[in-house]
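What follows is a short report on a single structure.
Whatever order the structure lists ligands and atoms in, that order sets their numbers, starting from 1.
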Amino acid sequence: MQNILILNAHIIDGSGNPAFEADVRIADGRITEIGKLEKKDAEGHIDAGGYSLAPGFIDMHSHADFSLPILATADSLLFQGVTTAVIGQCGLSPAPLVSETRGSVIAALSGFFGDTARSIPWEKWTSFSDYLGYLSAEGISINVIPFVGQGIIRASVMGFEEGRADSAQMTRMQREVSRALDQGAFGLSTGLIYPPGAFTSTDELIELTRVVGERNRFYFSHIRGEAETLLDAVAEAIRIGRETGASVQISHFKAAVMENWDKSQKALDLIRRAQLEGLDVSADLYPYTAGSTSMATLLPQWAHVGGPEKTISHLKDPDTRDRLKTDMQTTGFARGVEWDKVLITSSPLHTGYEGHNIAEMASETGRTGYDWLFDALLETHLDMHMAFFGMSEENRRNELKYPGMMIGTDGFGMAASGAMAKGVPHPRSYGTFPRVLARYVRQLKVLTLEDAVHRMTGLPAAKLRLHDRGLIKPGKAADLVLFDPDTIADTATYEKPHQYARGIWHVFVNGEAVIKETAHTGLRPGRVLEST
Ligand SMILES: [Zn+2]
């Protein structure tokens, strides 16, 4: 462990309080002193030159659990200043795997996350603790806060079928959640638009989340609807918190599709009312007006019952295709979709589609958007991802300012060169945190720098009860980011996403320099954090 003195820093301590000028000493992985400090012998020092020093950023919503096994250095996250990522989100975690259903769960995850998931060394783990042990043994450059995914638990016990869990199945699922909590999970996540999470009733979620609430843990949710059913979906998440005692986080908050933009404020009001009621409910967002997920999510829920092979057989059948079209126009994720707003971000089996929108592809081939989509899903075995544009920029500003709103990338730890620099993924994996600081702090002045940093550090640390992180204070873990507030910016775009953010000079994780003078050192001092 290094002992380091950071001189002349503009300290934004994560509490939301005004910044101040000081020196900071780090020793043995912790912040030991703050003030006007003397250089001691045998100590490295950094002249911050007045740049801003903040606690490392906490990514409240990450899928890095699927990228860390193949890219332990998590480059695109560290170049944003992220030192801790909350993983296991949207109901999807790489563990536990249960022997009878292991193959089908891995196949589903690989279909969902595409190339990344297919490169994972799945054979290395079975239980939740095996997976965390694997990360620790290999070494990772960021800290992680693991969650277990409800979708994975349900798929393991009930497969990809609809319907209620019987009491034996419920007992098994509760036991799996309980075991994951024992083995290090902070809580349970759900993804209620994805199969099989989407097949779960509110009552079943409450019964399962009781296990989480009893231990005073967390329920993080990709809620059941982010468009026309947004308000019901927020109400459902709040109800689950109220009835189980779990602390609730509404993930990647948004009101999608223009006709629903007025629901954003109403949904925030619901959260506010729950907070006033004394419930622990908060949310996070990424600062973009496009979302991103697997292309197959556009299909109605019934098309996913029975798993991917069943979905493919629906797409082949002309009568079923007609039914798919009708249903997509009237309900669910695809309702109100405009094909020119759906950008194909990855399609490894047909890379020529990447970077084009569906309207372009359809008109080139003289087909309707629906027919092009169905044919392309068949041709690529459902392995296509998309970004879809449909949020209001004005709402984004309002949402960012909202009390309790935190920041999450909803992304992966990627690298701008090598095997992971493929496709044209949503720029959020590279740009989320710097974009908040550049666009919404420096340019638009939606937040003060202190407030923005608080939402990235002290606020999420308090939510997660990480008592020794999220603030620059003596005794806290030395997760730190030194950045230039005048030049920090995201450079990743929808057209060219594989570009690191700029303006981040040094990043320390547990006292070790992982970014040193804007370069990744390759060190892996990250840890699997423990719940308190
Ligand atoms: Zn999600």
What protein N, O or S atoms come within a distance below 2.8 Å of the Zn ion (ligand 1), ordered by chain and number?
Cys90 SG, His222 ND1, His252 NE2
Starting from the C-alpha separation in whole Å, work towards a yes-or-no answer on side-chain contact (heavy atoms from CB on, under 4.5 Å) for Asp130 and Phe128.
CA-CA 5 Å; Asp130 288 346; Phe128 202 74; over 6 Å; no
Going by atom type alone, with no hydrogens or angles, which donor-acceptor pairs under 3.5 Å involve a side-chain atom of residues 330-338 and a protein atom two or more places apart or on another chain?
| unit_1 | atom_1 | unit_2 | atom_2 | d |
| --- | --- | --- | --- | --- |
| Thr330 | OG1 | Thr326 | O | 3.2 |
| Thr330 | OG1 | Asp327 | O | 3.2 |
| Arg335 | NE | Thr330 | O | 3.3 |
| Arg335 | NH1 | Glu228 | OE1 | 3.2 |
| Arg335 | NH1 | Glu259 | OE2 | 2.8 |
| Glu338 | OE1 | Lys341 | NZ | 3.2 |

Test salt bridge (charged side-chain N to carboxylate O under 4.0 Å, His left out) applied to Asp284 - qualifying residues, sequence neighbours left out
none
To check you understand the geometry: which heavy-atom pair defines the closest contact between Gln499 and Lys496, and what is its length?
NE2-O, 2.9 Å
Are Met420 and Ser67 side-chain neighbours, meaning at least one heavy-atom pair lies under 4.5 Å?
yes
Sequence neighbours excluded, the answer for salt bridge (charged side-chain N to carboxylate O under 4.0 Å, His left out) partners of Lys254 is Glu226
